[in-house]
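Notes for the one structure printed next.
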Amino acid sequence: MLFVSRTAISKWESDRGYPSIDSLKEISTFFSVTIDELVSGEKLLSIAEKENKSNMQNLCSILIGAIDLFHFLLIVLPLYPKSMKEYIASVNLFGYTETSAFNRMVY
């Protein structure tokens with residue numbers, strides 16, 4: 001009824017894992033007890049802290065990945081103007097700068 005696997009319940013019972021906050025809410029509603037009655041206050045706080053830390057790590061990973069992608073696009077996309085005889089063309093950063101091959105490798 002709670003859509004929880006037997007393996008998850010076994011882990012909870014053997015203290016190898018803990019239910020998420022959402023699962024605790026569902027379990028407390030199903031058994032008509034409070035969350036405090038399900039777990040002690042200290043365990044509840046540690047579970048919430050672990051879940052919060054995990055969520056923050058995931059958010060930071062996504063943010064850092066987006067920043068890396070943005071930097072890569074600034075280097076590769078043709079966003080920079082370069083005069084070519086009587087025309088102005090859009091070029092990427094490699095075509096825009098007159099640098100050595102070493103600097104291009106560093107980019």
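- With sequence neighbours left out, Ser23 forms a side chain to side chain donor-acceptor pair (under 3.5 Å) with Ser20.
- Under the 4.5 Å side-chain contact rule for hydrophobic residues, Phe70 and Ile62 do not share a cluster.
- Leu63 and Leu73 fall into different hydrophobic clusters, defined by Ile, Leu, Val, Met, Phe, Trp and Tyr side-chain heavy atoms under 4.5 Å apart, directly or through other members.
- Counting heavy atoms from C-beta outward, Leu77 and Asn92 have side chains that stay 4.5 Å or more apart.
- Contact record, Lys25 with Ser28: O-OG, 2.9 Å, taken as the closest heavy-atom pair.
- Under a hydrophobic clustering in which Ile, Leu, Val, Met, Phe, Trp and Tyr are joined whenever their side-chain heavy atoms come within less than 4.5 Å, directly or via other members, Ile75 and Leu69 fall into the same cluster.
- The CD atom of Gln57 lies 10.0 Å from the CG atom of Asn52; values are rounded to the nearest 0.5 Å.
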Between side-chain atoms of residues 82-91 and protein atoms elsewhere (two or more places apart, or another chain), which donor-acceptor pairs fall under 3.5 Å?
unit_1, atom_1, unit_2, atom_2, d
Lys82, NZ, Gly95, O, 2.9
Lys82, NZ, Glu98, OE2, 3.4

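- Side-chain contact between His71 and Ile67 is present, with at least one heavy-atom pair separated by less than 4.5 Å.
- Annotation: the span from Ser14 atom OG to Ile9 atom CD1 amounts to 12.0 Å, rounded to 0.5 Å.
- Between the Ser54 side chain and the Lys50 main chain, no donor and acceptor come within less than 3.5 Å of each other.
- Between Leu74 and Leu79, some side-chain heavy-atom pair lies under the 4.5 Å cut-off.
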